[in-house]
Trainee: 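Below are the structure tokens for one structure; questions will follow.
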Amino acid sequence: MRALALPFTPRFIVLTLCLALTAVLAGTLYLHPSTLYGVSIPLAVVGGLSALGITDLFQTRHAVLRNYPISAHLRFLLESIRPEMRQYFFEGEKDGAPFSRDKRAIVYQRAKRALDKRPFGTQYNVYEEGYEWVRHSMAPRPLATEPFRVTVGGPDCPHPYSASVFNISAMSFGALSPNAIRALNKGAAKGNFAHDTGEGGYSPYHRENGGDIIWEVGSGYFGCRNPDGTFCRDKFAEGASMPQVKMVELKMSQGAKPGHGGVLPAAKVNEELSRTRGVPMGQDCISPSAHSAFSNPIEMMQFIAEMRRLSGGKPAGFKLCVGHPWEFLALCKAMVETGIYPDFIVVDGKEGGTGAAPLEFIDHLGMPLRDGLNFVHNALIGIGARERIKLGASGKIISAFDIARTLALGADWCNAARGFMFALGCIQSQSCHTDRCPTGVTSQDPTRQRALVVPDKAERVYNFHAATLHALAEFVAAAGLDHPNEFMPAHFSRRISAREVVTFAELYPTLQGGELIGGTTDPRFRVPWEMASAGSFRATVAA
């Protein structure tokens, strides 16, 4: 019945008017044949538009046309003339800015298997402060044909996971529509890479297509919660033991809103969301800002060990956006004191995206990815645990260069959210929180969701991942390397002024193995290490 009602929703007003005018003009011609010359041309125009609109409704390649038949063609017309109009409409936008229109174009081209080359060389100002590049080799290597993977799982993990170096970052069912979840997971299954559930839980839509799952557990414990909102070990064990779940991840904080619980606006909490998450309908679904299952670093390490045990020995770790440095160093001290180490840590940069968060949190809270990743990487080196703990990284990572740069700074793999959303058809309308997404990517409205055709978008998810890894392989070979994990800070350069260039090795110095345990003099770590305590997240001494 919903499908029959589609043409009469406000989104289809243009199609509705064309159908009505076609009917009126056709009726007029039938009743008054003498009006042929006056009616035929308008009838041909509106009849043609009606046919176009009906075709838009049922075609599968463009979600925005399925939701806005006829009228959305204006968007494609403007896109087609964008190169010529750029100087008028996009003046002042730096092509190097994260997720500029050119970066979105890379995703669309790769997802659709279109040509992702362009003429006339670089469009960056290579002498501008902040420009970065990777150094190439005079003896490039043959292009690697094997998939780039990393084994996650320390000595205490009986079932390690071989992960791709590029995976789908945490995006929950609720934040995304059922069809978006289905398409992401189907694409991940075909490409043999991982799909993080986000804190919304391991939903039925994650299970349909069998793609590898990283189950993220947030402070709301969705999918593994008791009626009072506390963590339920039995429900977690039931889901985490499923063969599809490859790793389990404790969410401490998210880059776009660290220190703030997840937010799902009331407009998106329908009956299905209420049932899946175990929360009331029609109310904002807000996760607590802090976990109730533990209260200090030692208890947190014990909880991670319990997650590993309940999952049947799968890799267990946590995700965070770095805040107070002594708090992370308190975790490091807890690892050393208890002998309990996570199998992995995902560092989320504060520049990461979200469907809903307070403006101040998005703009001015949390540590950016590079700073946070470098800090965590060095802290683990400083306690002698870097080899046993793998590092993931997320925060506006989209291109092969982004991946290579992030791996050089210490990550073992990268996660991306927005890039895969673009592959699904997201046009960045920034209406995620309103439940009025024009392409059905983030909407819980069934009439909007139908715009996202799962088989077509799953193929685009797969294409984007495969094409990006192919570009990464070309980067690796050009640098004279065989695997992206061979990238080091010395391979990358950054212009810091018109006349000065430094390497990442100079920008991001590295601690010596065990240096924190032995007593460091590094000013970045000496004071916060003294402030940190394994028994508390609070600083023990004043800075």
Trainee: Is it true that the side chains of Ser431 and Arg436 contain a donor and an acceptor less than 3.5 Å apart?
Mentor: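 No.
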Trainee: Testing Asn185, Asn167, Asn209 for side-chain hydrogen bond (donor to acceptor under 3.5 Å, both in side chains) with His195, which one passes?
Mentor: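 Option passing the side-chain hydrogen bond (donor to acceptor under 3.5 Å, both in side chains) with His195: Asn185.
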Trainee: Using side chain to side chain contact (heavy atoms under 4.5 Å, CB included), reason through Glu132 and Arg494 one step at a time and then give a plain yes or no.
Mentor: CA-CA 4 Å; Glu132 296 176 345; Arg494 179 182 178 89; 2.4 Å; yes
Trainee: Please give me the minimum heavy-atom distance between Trp215 and Ala240, naming the atom from each residue.
Mentor: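 Heavy-atom minimum between the residues: CZ3-N, 3.3 Å.
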Trainee: Can we say Lys251 and Glu199 salt-bridge, meaning some charged N sits less than 4.0 Å from an Asp/Glu carboxylate O?
Mentor: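 Here Lys251 pairs with Glu199 in a salt bridge, since their nearest N and O are under 4.0 Å apart.
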Trainee: Out of Phe344, Tyr161, Trp413, which one pairs with Val150 under the side-chain contact (heavy atoms from CB on, under 4.5 Å) rule?
Mentor: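 Answer after filtering Phe344, Tyr161, Trp413: Trp413.
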Trainee: Search all heavy atoms of Ala417 against all heavy atoms of Ser169 and return the closest pair with its distance.
Mentor: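 Scanning both residues completely, I find the closest heavy atoms to be N-CB, 3.7 Å.
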Trainee: Using 30° and 60° as the class boundaries, would you call the ring planes of His206 and Tyr202 parallel, tilted or perpendicular?
Mentor: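 Geometry flag for Tyr202 against His206: tilted rings.
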Trainee: Are a donor atom and an acceptor atom from the side chains of Ser443 and Asp445 found within less than 3.5 Å of each other?
Mentor: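 Short answer, no.
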Trainee: Indicate the atoms forming the closest heavy-atom contact of Pro69 with Gly53, along with that distance.
Mentor: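 The answer is CB-O, 3.6 Å.
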Trainee: What is the ring orientation for Phe166 with Phe464, classed by angle as parallel under 30°, tilted 30 to 60°, or perpendicular over 60°?
Mentor: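 The arrangement is perpendicular - the two ring planes meet at more than 60°.
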Trainee: Are more than 12 heavy atoms from other residues, nucleotides or ligands located less than 6.0 Å from atom CD of Gln59?
Mentor: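 Atom CD in Gln59 is packed in, count exceeds 12.
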Trainee: So Phe475 and Phe401, would you call those rings parallel, tilted or perpendicular, with 30° and 60° as cut-offs?
Mentor: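 Rings of Phe475 and Phe401: tilted, 30 to 60°.
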Trainee: Kindly indicate, with the supporting measurements, whether the criterion side chain to side chain contact (heavy atoms under 4.5 Å, CB included) is fulfilled by Asn463 and Lys112.
Mentor: CA-CA 7 Å; Asn463 290 342; Lys112 298 176 184 180; over 6 Å; no
Trainee: Would you say Phe420 and Lys457 make side-chain contact, with heavy atoms under 4.5 Å?
Mentor: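 No, every pair of side-chain atoms sits at 4.5 Å or beyond.
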Trainee: Would Phe492 and Phe487 count as a close aromatic pair, with their ring centres under 6.0 Å?
Mentor: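 When the ring centroids of Phe492 and Phe487 are compared, they turn out to be within the sub-6.0 Å range.
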Trainee: Among Thr406, Asp348, Asn415, find the one that has a side-chain hydrogen bond (donor to acceptor under 3.5 Å, both in side chains) with Ser394.
Mentor: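 Exactly one pass, corresponding to Asp348.
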Trainee: Charged N to carboxylate O under 4.0 angstrom, Glu208 versus Lys186?
Mentor: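 Between Lys186 and Glu208 there is no salt bridge, as every charged N stays at least 4.0 Å from the carboxylate O atoms.
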